[in-house]
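Note that the coordinates shown come from a computational prediction; the quantities given were computed from them, not determined experimentally. Note on naming: letters A, B, ... go to the chains in the order of the sequence lines (proteins, then strands), and numbering restarts at 1 for each one.
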Amino acid sequence: MIDGWKEFILADPGFYVGWFGLALGMLFGYVVYQTNYCAMGSISDIVNFEDYRRFRSWLLGAAVALLGAWGVQYLDAVDLSQSLYLTTNFNWLANVVGGLLFGIGMVFSGGCVSKNLVRAGAGDLRSLLVLVVIGVFAYMTIGGIFGLLRVNIFGPFVIDLTDYGMDSQSLGSLLSAVAGTSLPQTSLVATALLALAVLYYCLKDKDFRTSPIHLVAGMVIGICVIAGWFLTGLANDEFSDVAVAVGSLTFVRPTGDTLDYLMRYTALGAPTFGIVTLLGTAMGGFVAAITTGRFHLIGFADVEDAKRNMFGAALMGIGGVLGLGCTVGQALTGFSTLAMGSIITFAFIVIGGFIGIHLLNRILMNEA
Amino acid sequence: MTAHLVDAKGLNCPLPILKAKKALKDVPSGEILEILSTDPGSVADFAAFCRQTGNDLVESSSEGEVYRFLIKNNG
């Protein structure tokens with residue numbers, strides 16, 4: 001059955017990845033808007049009034065994505081080892097610093113990249129500018145003015161995992177190398193145990209269990225990540241005319257890619273999965289806002305508001321490149337591959353979020 | 001018109017919540033705090049805030065792009 005689907009997609013991978021990716025992004029954006037799903041907001045809820053439901057919703061999405069990614073790989077629809085998350089170059093310091101910067105930045109910009117995409121679709125012109133700044137700073141960090149600095153600072157800390165007998169940076173590969181057990185079985189056990197632990201943490205809470213909106217948000221977003229793996233896995237073929245990278249939802253680099261694409265459209269081919277899902281997410285926010293009568297054009301409240309948002313956007317652009325992703329790209333998509341770098345970035349985005357909320361609160365308390 | 005007002009129009013999450021939380025400290029028990037916001041997410045945010053803190057969300061309404069919340073301080 002998988003072979004049939006692969007044949008179908010490979011008949012015109014640019015077309016199918018483009019349109020299915022757009023639809024997937026729209027579903028994601030629509031659900032984010034309608035359920036108020038927000039990684040930064042989930043940390044704010046914990047700090048400000050000890051409500052863990054949105055945080056559990058985020059974790060539920062991660063657990064669903066983890067189980068689903070294993071499932072689509074088991075079905076041979078995708079080879080996760082082809083993804084950028086499982087490289088043998090383990091840049092742990094960049095994961096730590098990138099996660100922290102991103103986590104702080106998303107607080108100052110009122111949400112992470114996906115939240116700003118949805119908000120921009122709903123008419124928030126601040127978010128539109130935040131996205132432009134994220135894209136520019138991401139590209140500046142990849143190969144622009146910060147590129148050499150990034151390589152010089154973080155390059156020396158890269159660990160080549162092949163020196164330790166590992167063929168990827170997956171948790172399964174690490175445990176397999178340490179315990180001397182077979183990789184497939186160890187990966188399965190690690191996936192099952194981690195997913196069960198996260199699911200137990202989520203579902204043990206009655207408030208979360210009895211809140212359909214949080215349950216639906218986590219599950220649908222996790223399924224969106226699985227669908228991304230499935231689609232790009234089917235479309236990835238070394239003999240195809242259109243090169244489709246194996247991946248799923250992620251938003252930092254695609255923000256820069258989208259700006260580049262919009263500016264150099266005639267020189268480029270079909271849009272990538274990252275670009276179409278990013279545009280779809282904003283469109284999903286637009287549809288949700290229009291259908292609920294909440295579409296309004298909004299600008300910055302004042303200069304302080306503009307400064308906060310630009311500062312946060314710059315941090316997210318830099319941090320997202322260093323940490324190789326965002327609250328979706330690393331915390332859901334990367335996490336679903338069991339990549340150690342993704343797990344580290346995820347943890348430090350959360351820590352950065354807590355620091356950011358406290359910093360913002362302190363600034364507020366010092367105001368007259 | 002209430003005596004205690006937080007104007008969070010034009011501000012994104014988490015600022016409306018942070019400002020309301022700060023203002024509630026100066027609102028005597030039993031009195032009402034009025035919050036104005038333009039962030040659509042604040043509707044769910046203030047519902048959750050009141051649910052968790054034990055304060056009453058007396059009113060949650062909207063007029064155009066402005067959301068209005070009346071919170072009775074039960075602290």
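- When heavy atoms are compared at a cutoff of 4.5 Å, A/N48 approaches chain B by way of both its backbone and its side chain.
- Using a 4.5 Å cut-off between heavy atoms, A/I43 does not touch chain B at all.
- For B/K19, the parts lying under 4.5 angstrom from a heavy atom of chain A are both the backbone and the side chain.
- Between B/R68 and B/E59, at least one side-chain N (NZ, or NE/NH1/NH2) sits under 4.0 Å from a carboxylate O, which counts as a salt bridge.
- There is a side-chain donor-acceptor pair under 3.5 Å between B/E31 and B/H4.
- Salt bridge A/D207/B/R51: present, at least one basic N to carboxylate O contact under 4.0 Å.
- Not a single side-chain hydrogen bond (donor to acceptor under 3.5 Å, both in side chains) links B/E65 to another residue, sequence neighbours left out.
- Checked against ring pair (Phe, Tyr, Trp, His ring centres under 6.0 Å), A/F49 has the following partners two or more places apart in sequence or in another chain: B/F49.
- Contacts between A/D305 and chain B at a heavy-atom distance below 4.5 Å involve the side chain alone, from C-beta outward.
- Listed by sequence position, A/R119, A/D124, A/R126 are the residues of residues 117-134 of chain A in contact with chain B, using a 4.5 angstrom heavy-atom cutoff.
- A search for ring pair (Phe, Tyr, Trp, His ring centres under 6.0 Å) contacts involving B/F46 returns B/F69, not counting sequence neighbours.
- Options B/S62, B/P40, B/G64, B/P14 differ in how many heavy-atom pairs under 4.5 Å they form with chain A, and the most are formed by B/P14.
- Only the side chain of A/Y33 has a heavy atom closer than 4.5 Å to any heavy atom of chain B.
- Between B/K9 and A/A301 the shortest heavy-atom distance is O-CB, 4.0 Å.
- Both the backbone and the side chain of B/L11 come within less than 4.5 Å of a heavy atom in chain A.
- Remark: the B/N55 side chain and the B/T53 side chain contain an N/O donor-acceptor pair separated by less than 3.5 Å.
- Here the side chain of B/S37 pairs a donor or acceptor atom with the backbone of B/D39 at under 3.5 angstrom.
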